[in-house]
K.L.:
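This is the structure I want to talk about, given as structure tokens.
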Protein chains: 2
Amino acid sequence: MVSIPVSIPVVNRGRLALAVPVASRALKRWAGGDRSQKHKQMILDEKKRTTLADVAVAAGVSKMTASRALRGAGDVSKAKADRVRQAAKEIGYVGNHLASSLSGKRSDLIGVVVPSVENIVFAEVLAGIADGIEGSDLQPVFGVTDYDLDKEYDVVRNMLSWKPAGIIVTGLDQSDATKRILENADVPVVQIMDVDGIPVDACVGLSHFTAGKEMAEALLKMGRKRFAYVGCGLDRDTRAAKRLSGFQAALSENGLAFVATRIGRARSTVKAGRDLSAEVLASHPGLDCIYYSNDDLAVGGAYHCIANGVAVPDELVLAGFNGLDLVDSLPIRIATTRTPRREIGRAAAEIVLNSNHGGGVGTERRKQFHPAIDIGV
Amino acid sequence: MVSIPVSIPVVNRGRLALAVPVASRALKRWAGGDRSQKHKQMILDEKKRTTLADVAVAAGVSKMTASRALRGAGDVSKAKADRVRQAAKEIGYVGNHLASSLSGKRSDLIGVVVPSVENIVFAEVLAGIADGIEGSDLQPVFGVTDYDLDKEYDVVRNMLSWKPAGIIVTGLDQSDATKRILENADVPVVQIMDVDGIPVDACVGLSHFTAGKEMAEALLKMGRKRFAYVGCGLDRDTRAAKRLSGFQAALSENGLAFVATRIGRARSTVKAGRDLSAEVLASHPGLDCIYYSNDDLAVGGAYHCIANGVAVPDELVLAGFNGLDLVDSLPIRIATTRTPRREIGRAAAEIVLNSNHGGGVGTERRKQFHPAIDIGV
DNA sequence: CTGAAAGCGCTAACAC
DNA sequence: GTGTTAGCGCTTTCAG
């Protein structure tokens, strides 16, 4: 981290007019009336806004030539092309994606369906997707399902009706109805985060079952024996449930099982993690390890331990999942599985990009990441 | 937090087939060829997909009647309406938003422009927007600017070409060019997070200048005298800069100024906060308060203090901004300004909803929240 | 290289 | 109530 001590400018001092009236033009426009009469002849015919035809007229060519010039398709003489671009800029032509997408038979929209955006993990996936489509003219449309299968169906359906260039949905465990419309949609479908199952088209993610299993094995190797599990929303988050499955599988292979289990109903938050940890530690003395459904909860556990003088990791090992930023700088070390969120998002976007580009299914249909386990020393 | 100890089911045990081949039908379809010949007569005429016309035929009515029935517009006899809906469901009609939006003159898209999605704050705003449009048929399209004014222009421009029902952009400090296209767009524009300035149409947020000022006043009242400032990316995050302005204003009113200042160039992360805090505390002994540009950095500072035995808040007070979840459960108390992210998102969405609904500008054009200051006792 | 015609799928306007 | 006629703004033919 480079840091530069500088003198700090007082910003915008003069502009901090706090109770200024709103620009009235904008207001009136918004209210519906008064279309500004920039072109006199428009007053009567109520012409809406500049279209390709306007550009064509301004450039003295046909609509088609203008169209071709603007998007660099087909062959247009350099002279005319320049003229068109110039004209477009001058009259402030913006274009209408609805029209072009309808005409072509696919839009530049890329649908993204996630269970939640408040979870930083999905926010990072979105960032990865944004990365991945950078440079292309795709625009992400997103929908949130709240881990609700019916809502997911609605969102996917709605999304498909925009004829997107591709659709990225979280997880492999959609309802049958959702899978059906996805399959019939004739659009590349990329399912992300998970690879434990059969994708509709392609998937990119990691095996949560394996992740849970490997974490358990690592902890067992450290000599841990008395495990507790703390999780939230397992009924809806199937990936967390898969990790748990894997973890349990490893335990039973070693003749062990969870000593205690706490499943919260609320969202996974640091606070929930702290509270649940306090509960389970109080009711089950002698635990030497807690596996959490994710890092948020684990950090809550860490806070509890710091506040109550529990020696981590000597006395008690805490293990989360994801490898979030806030885990790295924690004053105490906890174990976690470092998942490549951005990379998953980016890879998903690229799959959509490639498949659309016409190249076909050249890309892998199952891209599996193998996240590293960090036992926090 | 309610917690329920339950027996944990091993999920999907039988389905964890890890290296299964992808459904080949989907593949072939995706590859471009082989449109499944569900309707024999379609083999020849290569009819693309079910449209409103198909529904109309299936229901034995005209396209118009089908259209009206499907969206509950105009008057359609109950009998026919039912017939249409039935037919639509049977043939799996999905509809085409591109076409309907082009025909009507506005889409059901709502554009959302944020500087970053990795910052949990904006993720929460998005969640609020999702809340706000719940129930309406609006779909959010988002664009990320990375705090880059040029990129912001491109994103806004691109977004406008979808003729969205409204557009929500972060902050009041767009470039002039961006403001211009926003003004001319004939679309409700809601600028969020900030109210220190003049909005294009409407804004909802808080005064960051005031927030900084009030925080300083609260800290001064606690008797703090030797202040340091730690921030990241101030050149791009104008709102953080405004808070800093306000804070400085309060200091100088009391004849004080920052003893030390550390401006990082990287993104605001917990780690950056920890590192910068270590630096500034090492180089400036005797500080009794650090003001951070946000909570992420402040939490980093808290971690540093915990790890190094600095007594917080007795010896040193740490102050952030936002009131994030992870601050609440921290083992030590830090000061922060609690911003209503979700509420801002929801309010912005509602403004778009209302203005579109035709109701006009009945809603306030400047919705200011007054965030509470939590000095963390 | 360029342009004219014909839609993409749907919905406002008007008829009936 | 219901159907017909025109487009929305652009792009894909297919002639020149």
Side-chain angles (χ1 to χ4, degrees), chain A residues 45-84 88 91-109 137 158 160-165 186 358, chain B residues 45-84 88 91-109 137 158 160-165 186 358:
Chain A
D45 51 14
E46 173 66 23
K47 192 152 189 326
K48 329 289 161 137
R49 59 177 47 255
T50 64
T51 77
L52 189 61
D54 298 321
V55 179
V57 171
V61 299
S62 72
K63 270 181 9 177
M64 257 336 287
T65 306
S67 169
R68 286 196 267 252
L70 252 18
R71 70 203 142 98
D75 291 298
V76 183
S77 72
K78 178 122 180 26
K80 286 196 175 176
D82 287 343
R83 201 131 49 84
V84 170
I91 66 180
Y93 173 65
V94 175
N96 183 333
H97 268 153
L98 295 170
S100 58
S101 300
L102 175 61
S103 191
K105 52 207 313 162
R106 175 144 301 167
S107 76
D108 294 332
L109 257 12
D137 41 10
N158 187 301
L160 288 176
S161 70
W162 288 104
K163 309 296 170 202
D186 190 28
Chain B
D45 52 15
E46 172 66 24
K47 193 153 191 319
K48 328 287 162 143
R49 60 177 45 255
T50 65
T51 77
L52 189 61
D54 299 321
V55 179
V57 171
V61 298
S62 72
K63 270 180 10 175
M64 254 340 280
T65 306
S67 169
R68 286 196 267 252
L70 253 18
R71 71 204 143 99
D75 291 298
V76 183
S77 73
K78 179 123 180 25
K80 288 197 174 174
D82 288 341
R83 202 132 47 86
V84 169
I91 66 180
Y93 174 65
V94 175
N96 184 333
H97 266 151
L98 295 170
S100 58
S101 299
L102 176 60
S103 190
K105 52 205 313 159
R106 175 146 299 171
S107 75
D108 293 333
L109 257 14
D137 42 11
N158 188 301
L160 288 176
S161 71
W162 288 103
K163 310 294 170 205
D186 190 27

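Just so it is clear: chains get the letters A, B, ... in the order the sequence lines come, proteins before strands, and each one is counted from 1. None of these values were measured; they are calculated from a predicted model.
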K.L.:
Is the closest side-chain heavy-atom distance between A:S101 and B:W162 below 4.5 Å?
P.N.:
yes
K.L.:
Can you find a side chain N or O atom of A:R71 that sits less than 4.0 Å from OP1 or OP2 on D:dT12?
P.N.:
yes
K.L.:
Quick check on DNA chain D: between B:S77 and B:S103, whose nearest nucleotide comes earlier from the 5' end?
P.N.:
B:S77
K.L.:
Compare side-chain N and O positions of B:Y93 against OP1 and OP2 of C:dC10 and report whether any pair is under 4.0 Å apart.
P.N.:
yes
K.L.:
Would B:V57 and B:D54 count as a side-chain contact (heavy atoms from CB on, under 4.5 Å) here? Give the steps.
P.N.:
CA-CA 5 Å; B:V57 171; B:D54 299 321; 5.8 Å; no
K.L.:
Sequence neighbours excluded, which residues qualify as side-chain hydrogen bond (donor to acceptor under 3.5 Å, both in side chains) partners of B:S62?
P.N.:
B:T65
K.L.:
Could you tell me how far apart B:L102 (CG) and D:dA6 (C1') are, to the nearest whole angstrom?
P.N.:
13 Å
K.L.:
Rounded to whole Å, please give me the gap between NZ in B:K163 and C1' in C:dC10.
P.N.:
18 Å
K.L.:
Please state whether the phosphate of D:dC10, meaning OP1 or OP2, lies under 4.0 angstrom from any side-chain nitrogen or oxygen of A:R106.
P.N.:
no
K.L.:
Run B:V55 and B:T50 through side-chain contact (heavy atoms from CB on, under 4.5 Å) and show every step you take.
P.N.:
CA-CA 8 Å; B:V55 179; B:T50 65; 6.0 Å; no
K.L.:
Grab the CG-P distance between B:D82 and D:dG1 for me, whole Å please.
P.N.:
15 Å
K.L.:
What nucleotide, of D:dG9, C:dG3, C:dC1, holds the atom closest to the side chain of A:D75?
P.N.:
C:dC1
K.L.:
Which residue, A:K63 or A:V76, contacts DNA chain C at a nucleotide closer to its 5' end, judged by nearest heavy atom?
P.N.:
A:V76
K.L.:
Between N or O atoms, less than 3.5 Å apart, protein on one side and nucleotides 13-16 of chain D on the other: list the pairs.
P.N.:
none

K.L.:
Could you work out which one of D:dG3, C:dC10, C:dC8 sits closest to the side chain of B:N96?
P.N.:
C:dC10
K.L.:
Testing A:L98, A:V94, A:D108, A:N96 for side-chain contact (heavy atoms from CB on, under 4.5 Å) with B:S161, which one passes?
P.N.:
A:V94
K.L.:
Starting from P on C:dT11, measure out to CG on B:D108 and report it in whole angstrom.
P.N.:
10 Å
K.L.:
How many whole angstroms separate atom CG of A:L98 from atom P of D:dC10?
P.N.:
10 Å
K.L.:
Taking N and O atoms by type only, does the side chain of A:S100 place a donor or acceptor under 3.5 Å from a partner on the base of D:dC10?
P.N.:
no
K.L.:
Between NE2 of B:H97 and CG of A:L160, what distance do you get to the nearest 0.5 Å?
P.N.:
11.5 Å
K.L.:
Measure from the side chain of B:S62, starting at C-beta and using heavy atoms only, and say which of D:dG3, D:dC10, C:dT11 lies closest.
P.N.:
D:dG3
K.L.:
Donor-acceptor pair under 3.5 Å: do we get one between B:T65's side chain and the base of D:dG1?
P.N.:
no
K.L.:
Enumerate donor-acceptor pairs with a distance under 3.5 Å from any side-chain N or O in residues 69-77 of chain A to protein atoms, sequence neighbours excluded.
P.N.:
from	atom 1	to	atom 2	distance (Å)
A:R71	NE	A:S67	O	3.3
A:R71	NE	A:S67	OG	3.1
A:R71	NH2	A:S67	OG	3.0
A:S77	OG	A:K80	N	3.3

K.L.:
Grab the CG-P distance between B:L160 and D:dG9 for me, whole Å please.
P.N.:
16 Å
